[in-house]
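Letters A, B, ... are given to chains in the order of the sequence lines, protein chains preceding strands, and every chain is numbered from 1.
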2 protein chains.
Amino acid sequence: MVKKEIQEQRIRGYFIEATKELLKGEGLKSVSVRNIADRAGYSYATLYNYFNDAKDLIFVCVKDFQVECAAFVRNETTPDMHGIEKIKAIINAYVKYFVQYPGIFELFFLEKVADISSKQSTIETIYYLADSLCYEEWAYCIAEKIMTKKESDSLKAQIRNEVAGLLLFYINRRQPEKYQDFVNLTQNQLNRILDR
Amino acid sequence: MVKKEIQEQRIRGYFIEATKELLKGEGLKSVSVRNIADRAGYSYATLYNYFNDAKDLIFVCVKDFQVECAAFVRNETTPDMHGIEKIKAIINAYVKYFVQYPGIFELFFLEKVADISSKQSTIETIYYLADSLCYEEWAYCIAEKIMTKKESDSLKAQIRNEVAGLLLFYINRRQPEKYQDFVNLTQNQLNRILDR
DNA sequence: TTGGATATATTAACAGTGTTAATTATATTA
DNA sequence: TAATATAATTAACACTGTTAATATATCCAA
């Protein structure tokens, strides 16, 4: 019965949409089983007919947000840039996305995952998201002999960790306090890593 | 009445000690008002006679753990080292401390704080902890003209964010999976930042 | 179209969380 | 010792996630 599957997917979609709205709006703290179900127009227990548990549902949203983040980055950057400068622009947009949606940052990096092994692939795509957004540009840099493959791998890791740390302190600890200071710090650190 | 204050401080200490044990042992997830009170030998409501709320109590532990972390670092590093190499050794010990006590990492960097302004100073000391552990060595590097003050500030920020990111991914996302890979990555990144 | 089977949705319940108010027990002081 | 002040406890409330039992649709054959 394909009809059943369509309907089932549709209802799953309602729950996912409700969860995404809550995450983008009020943030992770207001994402509860009852809140989600209310917004989706179902009882709280109905959720368990479509998802193993709450964490499962929450993590389903990750993939959608990754796509959205990629679109956001494309929209914030110009296609006539290349190499190092483009990488900087992409990372800046990437950072901007999470500052705009702190709830999504929490979901991607802070949210505890009970069974980490079952969500391994999702976690890996989060881990490598910044890398993959810059994929063509790293390739460009290597092709143009701006850097070696080995160097690019080292730089990727550095940016990955540096940016995660910057966002962690700013979003979760309001450190630095002012947004402009955060932007400047991010800029300085990116330049430090990429301009040699 | 000084007697009262001594007694009051003593009981506060019992709650703090219980919380610290839970944090170091089972981690943040098992730190609840009722768990703490049980371990301290009081009823759960008694806690509210000595602390404003649960978060308050949990954050009181931060200062103790900072002292412990500093002692751990002193113990893990030799006093006959100086400058860049000593900084590397200190940061390695700092990282090791949080890997050993993931619950303390959660408390320092992940735990949500409702009223961040009232805990501003605590949060700042967390933010600058890695810097302060290396205080003498940064001064040494500047005095020996190994780097300028401005360069050292930039390096401090870089290490701060890089290390936070590394720990965040490893402790919270098991990324990389194997401890040895994490150690190697940390080593590589530290060398990259500090060896120029 | 109706009756029975199946699938889906809902309510009730449990064990947990933080927090507050009312109550009980303890200590201090007149 | 009696009255008062202080401290500790229990009861209660509003939440949380999750499961089992119940109610309500849906579907398919007679």
**Report entry** Atom-pair distance (CD on A:Glu26; P on D:dT16), nearest Å
**Finding:** 12 Å
Query raised in the report: What class does the angle between the rings of B:Tyr179 and B:Phe182 fall in, given that below 30° is parallel, 30 to 60° is tilted and above 60° is perpendicular?
Result: tilted
**Report entry** Rounded distance (Å) that lies between atom P of C:dA9 and atom OH of A:Tyr14
**Finding:** 11 Å
Query - Pairing string, 5' to 3', for DNA chain C - Watson-Crick or wobble contacts under 3.5 Å, brackets [ ] where pairs cross, | to another strand - result: ||||||||||||||||||||||||||||||
Query raised in the report: Is it true that A:Lys86 and A:Asp80 make a salt bridge, defined as a side-chain N closer than 4.0 Å to a carboxylate O?
Result: no
Query raised in the report: Can you say whether the rings of A:Phe109 and B:Phe169 are parallel (under 30°), tilted (30 to 60°) or perpendicular (over 60°)?
Result: perpendicular
Requested in this report: Give the rounded distance in Å between these two atoms: CD of A:Glu8 and C1' of C:dT8.
Outcome: 10 Å
Query - Protein-nucleotide distance (A:Phe15, atom CZ; D:dT18, atom P), rounded to Å - result: 14 Å
Report summary line: Sorted by chain and residue number, the side-chain hydrogen bond (donor to acceptor under 3.5 Å, both in side chains) partners of B:Thr125 (sequence neighbours excluded) come out as B:Gln66
Would you tabulate the side-chain donor-acceptor contacts of residues 31-38 of chain A under 3.5 Å, counting partners in other chains and residues two or more places apart, or write 'none'?
from	atom 1	to	atom 2	distance (Å)
A:Ser32	OG	A:Asn35	N	3.1
A:Asn35	ND2	A:Ser30	O	2.7

All N/O donor-acceptor pairs, side-chain side in residues 142-150 of chain A, below 3.5 Å, sequence neighbours left out:
from	atom 1	to	atom 2	distance (Å)
A:Thr148	OG1	A:Glu151	N	3.0
A:Lys149	NZ	A:Asp153	OD1	3.1
A:Lys149	NZ	A:Asp153	OD2	2.9

Requested in this report: Just say parallel, tilted or perpendicular for the rings of B:Tyr140 and B:His82, cut-offs at 30° and 60°.
Outcome: parallel
Query raised in the report: What integer distance in Å separates B:Ile6:CD1 from C:dA27:P?
Result: 17 Å
**Report entry** Interatomic distance where CD belongs to B:Gln7 and P belongs to C:dT26 [whole Å]
**Finding:** 16 Å
Requested in this report: Before accepting this row, confirm whether a basic side-chain N of the pair A:Glu85/A:Lys88 lies closer than 4.0 Å to the acidic partner's carboxylate O.
Outcome: yes
Requested in this report: Would you list the pairs meeting salt bridge (Lys or Arg N to Asp or Glu O under 4.0 Å) in which at least one residue belongs to residues 50-75 of chain B, sequence neighbours left out?
Outcome: B:Lys20-B:Asp64, B:Lys24-B:Glu68, B:Lys55-B:Glu111, B:Asp56-B:Lys119
Query raised in the report: So what does B:Tyr50 touch, heavy atoms closer than 4.0 Å: a base, only the sugar-phosphate, or nothing?
Result: sugar-phosphate
Report summary line: Per-nucleotide protein contact along nucleotides 10-22 of chain C, 5' to 3', at a 4.0 Å heavy-atom cut-off (B base, S sugar-phosphate only, - neither), is BBBB---SBBBB-
Query raised in the report: Is A:Ile11 touching bases, backbone alone, or none of the nucleic acid, heavy atoms closer than 4.0 Å?
Result: sugar-phosphate
